[in-house]
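Beneath this line is the structure, given in structure tokens, with notes to follow.
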Amino acid sequence: MQLLGSTTSPFVRRIRIWALLNQCSLEFINLDIFSDTDRQLMIQNNPARKIPVLITKQQTLADSNNIIRFLLEQHSQTRLNWQQEHLLTIINACNDSLVELLLCQRSGFDTQDDKLFFNLQNERIAETLSYLNNHFADAEFKSCEYLCISLYCLLDWICFRELTDLTAHTELMKFYYSFAQQQAVQQTDPRN
């Protein structure tokens, strides 16, 4: 199996960490999604032009949610229950809003400008982080390895890109510093 992605993508990184922790053999192909050659490879395998993409002998899967469902099934592990899927959707919403704002910043927009799109993204980020901070101790969260991995990748990407201040989210920050000690986390650190 091949995993197409980039070392900086939090959506790719969560699959890479899960694979390392579960001894799942994936060939990681690190793409520069802004170079012509790598971009064409990505588009050939996902016309939505997004990473990650998992290529198997039988099929090609895009989106980290689909990929983890496939990998959990392949490794005879329990799929996420509905509450865990709900929490993953919240993590993904926060991550998506942050990606949108980063792309806007890189395009020269002031994302603090009083515009509907920016306001909605900033509100979503603030609310989802507060929600996650308040619900991190829930059993449904703590009992799911993939949720913890996904949350860590979100938090580390926020820190890596310096996108928002996390200090008020004390539960999330305790988790962040604790989870960072894992070898799989260190092996996939985009700063290396």
Side-chain angles (χ1 to χ4, degrees), residues 1-31 51-52 54 63-81 83-99 101-102 125-192:
M1 291 187 288
Q2 294 180 318
L3 180 67
L4 304 181
S6 72
T7 57
T8 56
S9 167
F11 296 102
V12 173
R13 189 177 185 199
R14 59 173 71 166
I15 300 298
R16 291 177 65 211
I17 291 173
W18 184 91
L20 287 168
L21 291 175
N22 290 276
Q23 300 172 345
C24 173
S25 180
L26 289 179
E27 177 190 356
F28 175 57
I29 300 173
N30 185 23
L31 302 177
I51 51 175
L54 182 71
D63 188 79
S64 60
N65 291 352
N66 295 330
I67 293 169
I68 196 60
R69 283 187 199 112
F70 175 81
L71 293 174
L72 288 170
E73 186 177 294
Q74 292 297 304
H75 286 80
S76 302
Q77 291 190 20
T78 306
R79 291 178 58 172
L80 277 63
N81 65 36
Q83 182 58 29
Q84 291 165 339
E85 290 279 356
H86 172 70
L87 290 164
L88 183 59
T89 298
I90 292 168
I91 292 169
N92 290 344
C94 185
N95 229 143
D96 287 341
S97 288
L98 287 158
V99 168
L101 289 181
L102 180 64
I125 292 162
E127 290 301 319
T128 55
L129 288 173
S130 290
Y131 183 89
L132 293 168
N133 190 68
N134 293 335
H135 290 275
F136 177 70
D138 293 358
E140 293 293 334
F141 208 121
K142 292 261 190 177
S143 65
C144 182
E145 176 185 56
Y146 187 69
L147 272 180
C148 291
I149 292 168
S150 298
L151 177 61
Y152 176 81
C153 290
L154 165 66
L155 298 174
D156 193 53
W157 193 73
I158 289 171
C159 294
F160 174 60
R161 297 294 188 192
E162 301 175 344
L163 296 171
T164 192
D165 182 12
L166 293 171
T167 54
H169 305 291
T170 55
E171 293 304 310
L172 294 181
M173 293 312 295
K174 281 191 261 183
F175 162 75
Y176 173 71
Y177 290 118
S178 171
F179 201 84
Q181 304 309 309
Q182 294 198 37
Q183 186 177 5
V185 168
Q186 295 170 7
Q187 284 179 265
T188 59
D189 191 333
R191 298 162 189 84
N192 298 336

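- Looking only at distances, a side-chain donor or acceptor of N81 sits under 3.5 Å from a matching main-chain atom of Q84.
- A donor-acceptor pair is defined here as one N or O able to donate and one able to accept, closer than 3.5 Å; no such pair exists between the side chain of D138 and the backbone of E140.
- Residues S64 and V12 form no side-chain contact, since every pair of their non-hydrogen atoms from C-beta on lies 4.5 Å or further apart.
- From S6, atom OG reaches atom CD1 of I51 across 3.5 Å, with rounding to the nearest 0.5 Å.
- Within the 4.5 Å cutoff, the side chain of M1 has no heavy atoms near those of the S25 side chain.
- Proximity of L102 to R161: side-chain heavy atoms (C-beta onward) are separated by under 4.5 Å at one or more points.
- At distances below 3.5 Å, not a single donor-acceptor pair connects side-chain atoms of S9 with backbone N or O atoms of G5.
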Starting from the C-alpha separation in whole Å, work towards a yes-or-no answer on side-chain contact (heavy atoms from CB on, under 4.5 Å) for R79 and Y146. CA-CA 10 Å; R79 291 178 58 172; Y146 187 69; over 6 Å; no
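- No more than 12 heavy atoms of other residues, nucleotides or ligands lie within 6.0 Å of CD in Q23, so this atom counts as exposed by the packing criterion.
- Rounded to the nearest 0.5 Å, atoms CG (L151) and CG (L87) are 9.5 Å apart.
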side-chain contact (heavy atoms from CB on, under 4.5 Å) evaluation trace for L26 with L54: CA-CA 9 Å; L26 289 179; L54 182 71; 3.6 Å; yes
Residues I17, R14; criterion side-chain contact (heavy atoms from CB on, under 4.5 Å); working and verdict: CA-CA 5 Å; I17 291 173; R14 59 173 71 166; 5.9 Å; no
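- Contact of the C24 side chain with the L71 side chain is registered, since non-hydrogen atoms from C-beta on lie closer than 4.5 Å.
- For R16 and F28, the positive end sits near the middle of the six-membered ring, less than 6.0 Å away and at most 45° from its axis.
- Side chain of W157 to backbone of T8: a donor-acceptor contact under 3.5 angstrom is found.
- Between H169 atom NE2 and I158 atom CD1 the span is 8.0 Å, to the nearest 0.5 Å.
- Looking at heavy atoms from C-beta onward, P10 lies in side-chain contact with N95 at the 4.5 angstrom threshold.
- Taking 4.0 Å as the cut-off between side-chain N and carboxylate O, R191 and D156 count as a salt-bridged pair.
- Judged purely by atom type and a 3.5 angstrom limit, N134 uses its side chain to pair as donor or acceptor with the backbone of S130.
- Between I15 and I149 there is no side-chain heavy-atom pair separated by less than 4.5 Å.
- Residues N192 and T7 are not in side-chain contact: their nearest non-hydrogen atoms beyond the backbone lie 4.5 Å or more apart.
- With a 4.5 Å cut-off on side-chain heavy atoms, Y131 and I90 count as touching.
- Formation of a donor-acceptor pair under 3.5 Å by the T188 side chain with backbone atoms of V185 is found in this model.
- Atom CG of N92 is separated from atom OG of S150 by 7.0 Å, given to the nearest 0.5 angstrom.
- A ring pair (Phe, Tyr, Trp, His ring centres under 6.0 Å) with F136 holds for exactly one of Y176, F179, F175; it is F175.
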Can you list the steps and then say if L166 with T164 is a side-chain contact (heavy atoms from CB on, under 4.5 Å)? CA-CA 6 Å; L166 293 171; T164 192; 4.3 Å; yes
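- In this structure, H135 NE2 and L147 CG are separated by 13.0 Å, a value rounded to the nearest 0.5 Å.
- Scanning both residues, N133 and T170, for their nearest heavy atoms gives OD1-N, 3.4 Å.
- A side-chain donor-acceptor contact under 3.5 Å links Q77 and N22.
- One finds the CD1 atom of I125 at 11.5 Å from the CD atom of E127 (value rounded to the nearest 0.5 Å).
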